[in-house]
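Contents: one structure, followed by commentary.
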Protein chains: 2
Amino acid sequence: MEVINIYKCLCDEQRLRILNLLKDGPLCVCHLMEILGSDQVKISKQLRYMKGMGLIAGERVAQWMVYRVAETDSPLLEENLKCLQDCAAERLGFARDSAHRKSLLAKLKSEPNACSSAILPFLQATS
Amino acid sequence: MEVINIYKCLCDEQRLRILNLLKDGPLCVCHLMEILGSDQVKISKQLRYMKGMGLIAGERVAQWMVYRVAETDSPLLEENLKCLQDCAAERLGFARDSAHRKSLLAKLKSEPNACSSAILPFLQATS
DNA sequence: ACAGCATATACCCTTATCAGCATATAAGCC
DNA sequence: GGCTTATATGCTGATAAGGGTATATGCTGT
């Protein structure tokens, strides 16, 4: 994880929101779409960008892709994700996103369907 | 100072080196040129970029321009400059740059010339 | 006013990002 | 094998960044 590449990922609002969500645990593309209220292509491209930079990793689970913050993460990234909680949370709506993530995961647990039963084990790995 | 703009400034190696130097005190363009071993236009453009983003401020002193990290700095920028000391110092040659800065300022003090006598008071304001 | 130094800006070109739209791949189900 | 869902990629156009060269501006000293 190159210093410059970390910052390149951090200088986009949508990527910051994605990282803020993933830092609490893995998510799949469809969840990110729902939480961010964005479309599939945009999300996929941002994920590819960050994967190329080494910040995140993706793993296929049946027809879904589960993304997580890369294991080999640097203190720099960690520090920033932490610091952003205080510096940018309001500005970027982190609280709203995180709450949305929580309720979405709760719904997945209480109303099982194909998706939830396949990927829930993977989501719980970290969060 | 917008979060995104801070990161935009941080995602270039030369700008990181400049910020690392300025965090220890103001410098003028000619010093940055010498320390970074870069040409005037490149430095000037990076300075303008960062000034536009609100990270640094410049002040004219006679025919020189003295740049410093903007007063209204955010905890995010401060944290990063601190963290970079550990995370990127070696990779980006911060130690070399800082040593170069130190010796250059020492020379300015011991061998007064037009430049040094004009701007030294401004440099000492912070460092 | 002129010359000289320090710095900034304009212009051109190349490359990187980003969005929007269409299409391809991959897995699961019938 | 077709159909559906989930995700990725390709293509195009727009905008931003970054390097290089030339030129403009601002200040100083004569």
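Values below: every heavy atom of this structure, side chains too, minus hydrogens, waters and symmetry copies. We name chains A, B, ... by the order of the sequence lines, and we start the count at 1 in each one. Because the structure is predicted, anything quoted here is derived from the model rather than measured.
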Kindly list each side-chain donor-acceptor pair under 3.5 angstrom involving residues 47-65 of chain B, sequence neighbours excluded, with atom names and distances?
from    : atom 1 : to      : atom 2 : distance (Å)
B:Glu59 : OE1    : B:Arg68 : NH2    : 3.2
B:Arg60 : NH1    : B:Ala62 : O      : 3.4

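Close to C:dT7, at under 4.0 Å from its OP1 or OP2, lies no side-chain N or O of B:Arg60.
Residues B:Val29 and B:Tyr67 form a side-chain contact, since some pair of their non-hydrogen atoms from C-beta on lies under 4.5 Å apart. At least one side-chain heavy atom of B:Ser44 sits under 4.5 Å from a side-chain heavy atom of B:Gln40. A heavy-atom distance below 4.5 Å is found between the side chains of A:His31 and A:Cys115. Residues B:Leu36 and B:Ile18 form a side-chain contact, since some pair of their non-hydrogen atoms from C-beta on lies under 4.5 Å apart.
Between B:Ile119 atom CD1 and C:dC5 atom P the separation is 17 Å, expressed in whole Å. Remark: P of C:dT7 and NZ of B:Lys51 are 13 Å apart, rounded to the nearest angstrom. A straight line from CG of A:Asp39 to C1' of C:dA22 spans 13 Å, rounded to a whole angstrom. Atom pair A:Gln40:CD and C:dA22:P shows a separation of 14 Å (rounding to whole Å applied). The distance from atom CZ of A:Arg48 to atom P of C:dA19 is 14 Å, rounded to the nearest whole Å. B:Glu59 has its CD atom 13 Å from the P atom of C:dA8, to the nearest Å. A:Tyr49 has its OH atom 7 Å from the C1' atom of C:dT17, to the nearest Å. One can place CG of B:Leu27 at 16 Å from P of C:dA6, the figure rounded to the nearest angstrom.
Shortest non-hydrogen contact noted between B:Asp12 and A:Ile4 is C-CD1, 3.7 Å. When all heavy atoms of B:Asp24 and B:Ser98 are compared, the closest pair comes out as OD2-OG, 4.2 Å. The minimum heavy-atom distance linking A:Ile43 with A:Met33 is given by the pair CG1-CG, 4.0 Å.
B:Lys42 comes within 4.0 angstrom of sugar-phosphate atoms only, judged by non-hydrogen atoms across all strands, and of no base.
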Please list, pair by pair, any protein nitrogen or oxygen found under 3.5 Å from a nitrogen or oxygen in nucleotides 28-30 of chain C.
from   : atom 1 : to      : atom 2 : distance (Å)
C:dG28 : O4'    : A:Gln63 : NE2    : 3.4

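Each side-chain hydrogen bond (donor to acceptor under 3.5 Å, both in side chains) pair with one or both residues in residues 107-119 of chain A, not counting sequence neighbours, appears once here: A:Asn113-A:Ser116. Sorted by first and then second residue, the side-chain hydrogen bond (donor to acceptor under 3.5 Å, both in side chains) pairs with a member in residues 85-94 of chain B read A:Glu2-B:Arg91, B:Asn20-B:Gln85; sequence neighbours excluded.
DNA chain C is contacted by A:Lys8, A:Asp12, A:Arg15 of residues 3-16 of chain A, taking any non-hydrogen atom closer than 4.0 Å.
Checked against A:Leu10 for a side-chain contact (heavy atoms from CB on, under 4.5 Å), the options A:Asn80, A:Leu76, A:Asn5 give a single hit: A:Asn80.
The outermost nucleotides of DNA chain D lying under 4.0 Å from heavy atoms of chain B, listed 5' to 3', are D:dA17 to D:dT28.
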